[in-house]
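Only one structure is covered here, and it is reproduced in the block below.
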Amino acid sequence: MAKIPSNTHQTTVSSFNPSITKHMKGSKGGPFKLLENMKQGKWNLSDFDIGKPLGKGKFGNVYLAREKKSKYIVALKVLFKSQLQKSNVEHQLRREIEIQSHLRHNNILRLFGYFYDDTRVYLILEYAPRGELYKELTACEKFDEKRAAKYIRQLADALAYCHSKKVIHRDIKPENLLLNYKGDIKIADFGWSVHAPSSRRTTLCGTLDYLPPEMIEGKEHDEKVDLWSIGVLCYEFLVGKPPFEAEGHNETYRRISRVDLRFPSHVSPGARDLISKLLQHNPNNRLPLKAVLNHPWIRMHATPVLEQKPASQR
């Protein structure tokens, strides 16, 4: 029997172990049926069968779950209010819910809804069966050009959509990227993202290895921080480590500020060109997302993403 621990009590519900095939074919109506159920009233924990833990975090855990009426498989993110309050991040959670629940893109993890009780907040998320991209990268050490280009193309398309909605992610890294059953990217964890109609922010956030110069230097920043992150990711996919990795924080800061970029010999000229055009100190000089999608290295190695409306029309 699966259990979700609580600060005050434990709730026990039926456990299960669905295969990926069942996840895709066994649900009655899929996410549309799930959303229909959501509109009929508020969620509570008794609406779900709880399965195995999928991951643990600072503020709670993520569990495999199945909504009982639709039989649809989801990931249930369980966050403890006490931990959120202790770390003063309730505002981040509210922002994450507000932003992610309104985003609709093939390469963005869907947030179907949320509910809460006295001690916990529950996020009902799309289930990505293949888990964190970080684990795949660690297992492979690095990706070949075809796989790296596929991921960068999907990321660029998803971020173009986000930016068209005035949403900046600000924390793109392998740990925040999941893979669905087909092996396609799903951007997750919008805790550091921001809806910024003014497009100018000064908050220092995100993970050090992926922060652009303007953020570590405390300057204003806009959606072009995500362009830098794509460049860092492309390098890491091909090399196996971030481009500015160093022994200490100070040295990492220095290398980022100077854009101290060094390529191993196996990185192809096309990949070097794309990465170099994204990792520009001046944000205005970074290659725009549309140009990333049309870059010769991307076009050579990546199959075009599924046809969708242009980002500006979504």
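- Relative orientation of the Y114 and Y116 rings is parallel, given thresholds of 30° and 60° on the angle between their planes.
- Taking the side chain as every heavy atom from C-beta outward, K77 and E96 approach each other to under 4.5 Å.
- Looking only at distances, no side-chain donor or acceptor of N107 sits under 3.5 Å from a matching main-chain atom of L155.
- Scanning all heavy atoms of the two residues, the minimum distance from R110 to L103 falls at CD-O, 4.1 Å.
- Using a distance-only test at 3.5 Å, with no hydrogens or angles considered, no donor-acceptor pair links the side chain of H163 to the main chain of K224.
- In summary, the side chains of Y122 and D117 do present a donor paired with an acceptor at a separation below 3.5 Å, with no hydrogens or angles considered.
- Side-chain atoms of Y127 never come within 3.5 Å of backbone atoms of Y72 as a donor-acceptor pair (strictly under, hydrogens ignored).
- Remark: E175 does not engage K173 in a salt bridge, criterion side-chain N to carboxylate O under 4.0 Å.
- Considering only heavy atoms from C-beta on, H169 stays 4.5 Å or farther from C162 through its side chain.
- When side chains are defined from C-beta on, D209 does not count as touching K241, because their heavy atoms never get closer than 4.5 Å.
- Side-chain atoms of Q280 never come within 3.5 Å of backbone atoms of N282 as a donor-acceptor pair (strictly under, hydrogens ignored).
- Contact check for H281 versus E217: side-chain heavy atoms found under the 4.5 Å cut-off.
- No more than 12 heavy atoms of other residues, nucleotides or ligands lie within 6.0 Å of OH in Y134, so this atom counts as exposed by the packing criterion.
- Between the R255 side chain and the D260 main chain, a donor and an acceptor come within less than 3.5 Å of each other.
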Counting only pairs under 3.5 Å, give me each side-chain donor-acceptor contact of residues 292-301, with atom names and distances, residues two or more places apart or in other chains.
unit_1, atom_1, unit_2, atom_2, d
N294, OD1, R299, NH1, 3.3
N294, ND2, K290, O, 3.1
H295, ND1, W297, N, 3.0
H295, NE2, D273, OD2, 2.7
W297, NE1, E145, OE2, 2.9
H301, NE2, E145, OE1, 3.4

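- Applying the side chain to side chain donor-acceptor pair (under 3.5 Å) test to R286 and every residue at least two apart in sequence or in another chain returns E214.
- Residues that satisfy the side chain to side chain donor-acceptor pair (under 3.5 Å) test with R254, not counting sequence neighbours, are E251.
- Between the side chain of E141 and the main chain of L137, no donor-acceptor pair closer than 3.5 Å is present.
- More than 12 heavy atoms of other shown residues, nucleotides or ligands fall within 6.0 angstrom of atom NE2 in H91.
- Taking the side chain as every heavy atom from C-beta outward, C234 and L238 approach each other to under 4.5 Å.
- For the pair Y151/L179, a side-chain contact is recorded, criterion being any heavy-atom separation below 4.5 Å from C-beta on.
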**Prompt:** Can R130 and N180 be said to form a side chain to side chain contact (heavy atoms under 4.5 Å, CB included), step by step?
**Reply:** CA-CA 6 Å; R130 289 178 58 174; N180 69 3; over 6 Å; no
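- Between D184 and K150 there is a salt bridge, with a side-chain nitrogen of the basic residue lying less than 4.0 Å from a carboxylate oxygen of the acidic one.
- Checked by atom type and distance alone, the side chain of N176 pairs as donor or acceptor with a backbone atom of D171 at under 3.5 Å.
- Side chain of K68 to main chain of S46: a donor-acceptor pair is present (N/O by atom type, distance under 3.5 Å, no hydrogens or angles).
- Looking at heavy atoms from C-beta onward, L45 lies in side-chain contact with I50 at the 4.5 angstrom threshold.
- Between the side chain of Y161 and the main chain of R104, a donor-acceptor pair closer than 3.5 Å is present.
- The two residues I256 and L211 make their nearest non-hydrogen contact at CG2-O, 3.5 Å.
- F244 places a side-chain heavy atom less than 4.5 Å from the side chain of L279.
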